[in-house]
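Heavy atoms only: backbone and side chains are in, while hydrogens, waters and symmetry mates are out. Both ligands and their constituent atoms are indexed starting at 1 by order of listing. We number each residue from 1, following the sequence as shown.
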Amino acid sequence: MPRTSTPHIKPDGAPIAETILLPGDPLRARYIAETFLEDAVQFNSVRNMLGYTGTFNGRELSVMGTGMGIPSMALYSWELIHEFGCRKLVRIGSCGGLTPELGLNDIVLAQAASTDSNYLAQFDLPGTWAPTGSFRLLDHVYRGAAERGITAHAGNVVSSDTFYHAQDDTTQRWARMGVLAVEMETVGLYANAAAAGVEALAMFTVSDNLVTHEEMSPEQRQTGFAQMIELAATVTEL
Ligand code: ADE
């Protein structure tokens, strides 16, 4: 039986759907609710981490901000999964490209998430775990991108605790191992989802490329983001 409230999410009777989109920025959650959802109701405002539930093409869909970084993503996704019954969680965010092939506004789908964080230590596994996304969700979104003529890349990403790195070659070292992009949340989501037996996917627009030093303008960010939301919301069809 889903809980009615947690320390960080207080829906006060408003529903939360089994499928939820998770942007980092809570104002993006509001933008998505206002622009893409029908009959949206707000289910959270604790710490301004705004959450909404409505319908997309007639199917129930929620959207909520997660904040930045693995601890923030991890605590919200944990509560959504364990206390509110979410079963399909899709992170939608931006990433820094680590290979020159990743153009601005391309989409990256995280097959797996490597990390420099200690988050995975708590699972106490007898080795090094590679948390992966749901293949079913990834395959669906990858095909959807192809149908829409959107360039999508699927591969490993690194969820980093640091946006500013003390060592100059930090990101190159991940790139040398075939890691496509750097971001800051996915490993927390994938680990929590896998441990709970639910589905998760993280997808990003490339907002900057650390090799070519290209960077998106705020206008480009908004257009790319809108395209990604439409693609992400198709997981409600599954
Ligand atoms: N998200 C978008 N760009 C990023 C970067 N360069 N590092 C970490 N997270 C990011």
Which protein heavy atom lies closest to [atom], and at what distance to 0.1 Å?
atom	result
atom 4 (C) of ligand 1	G96 N, 3.6 Å
atom 6 (N) of ligand 1	D208 OD2, 3.0 Å
atom 10 (C) of ligand 1	V182 O, 3.7 Å

### Query
In terms of ring plane angle, is the pair H8 and Y76 parallel, tilted or perpendicular, where the classes change at 30° and 60°?
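Rings of H8 and Y76: perpendicular, over 60°.
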### Task
Answer yes or no for S207: is there a heavy-atom contact with ligand 1 below 4.0 Å?
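Contact check S207 vs ligand 1: positive.
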Separation of [Y] [atom2] from [X] [atom1] (nearest 0.5 Å):
X	Y	atom1	atom2	value
Q111	L180	CD	CG	8.5 Å
I92	T66	CD1	OG1	9.5 Å
F56	L37	CZ	CG	8.5 Å

### Task
Report the part of C95 in contact with ligand 1, treating N, CA, C, O as backbone and CB onward as side chain, heavy atoms under 4.0 Å; options are side chain, backbone, both, neither.
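The answer is the backbone of C95.
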### Within reach of ligand 1, part of F163 (heavy-atom separation under 4.0 Å)
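It is the side chain that gets close, since no backbone atom is under 4.0 Å.
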Atoms of ligand 1 less than 4.0 Å from [X] heavy atoms?
X	answer
M184	8 (C), 9 (N)
S94	1 (N), 2 (C)
L210	6 (N)

#### Entry: Flag side-chain contact, heavy atom, 4.5 Å: S159 against E183
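Heavy-atom side-chain distance check passes, below 4.5 Å.
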### Query
Checking D116 side chain against D161 main chain: does a donor-acceptor pair fall under 3.5 Å?
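Here the side-chain-to-backbone pair exists.
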### Query
Does N44 reach the main-chain N or O of K10 with its side chain, forming a donor-acceptor pair under 3.5 Å?
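A pair under 3.5 Å: yes.
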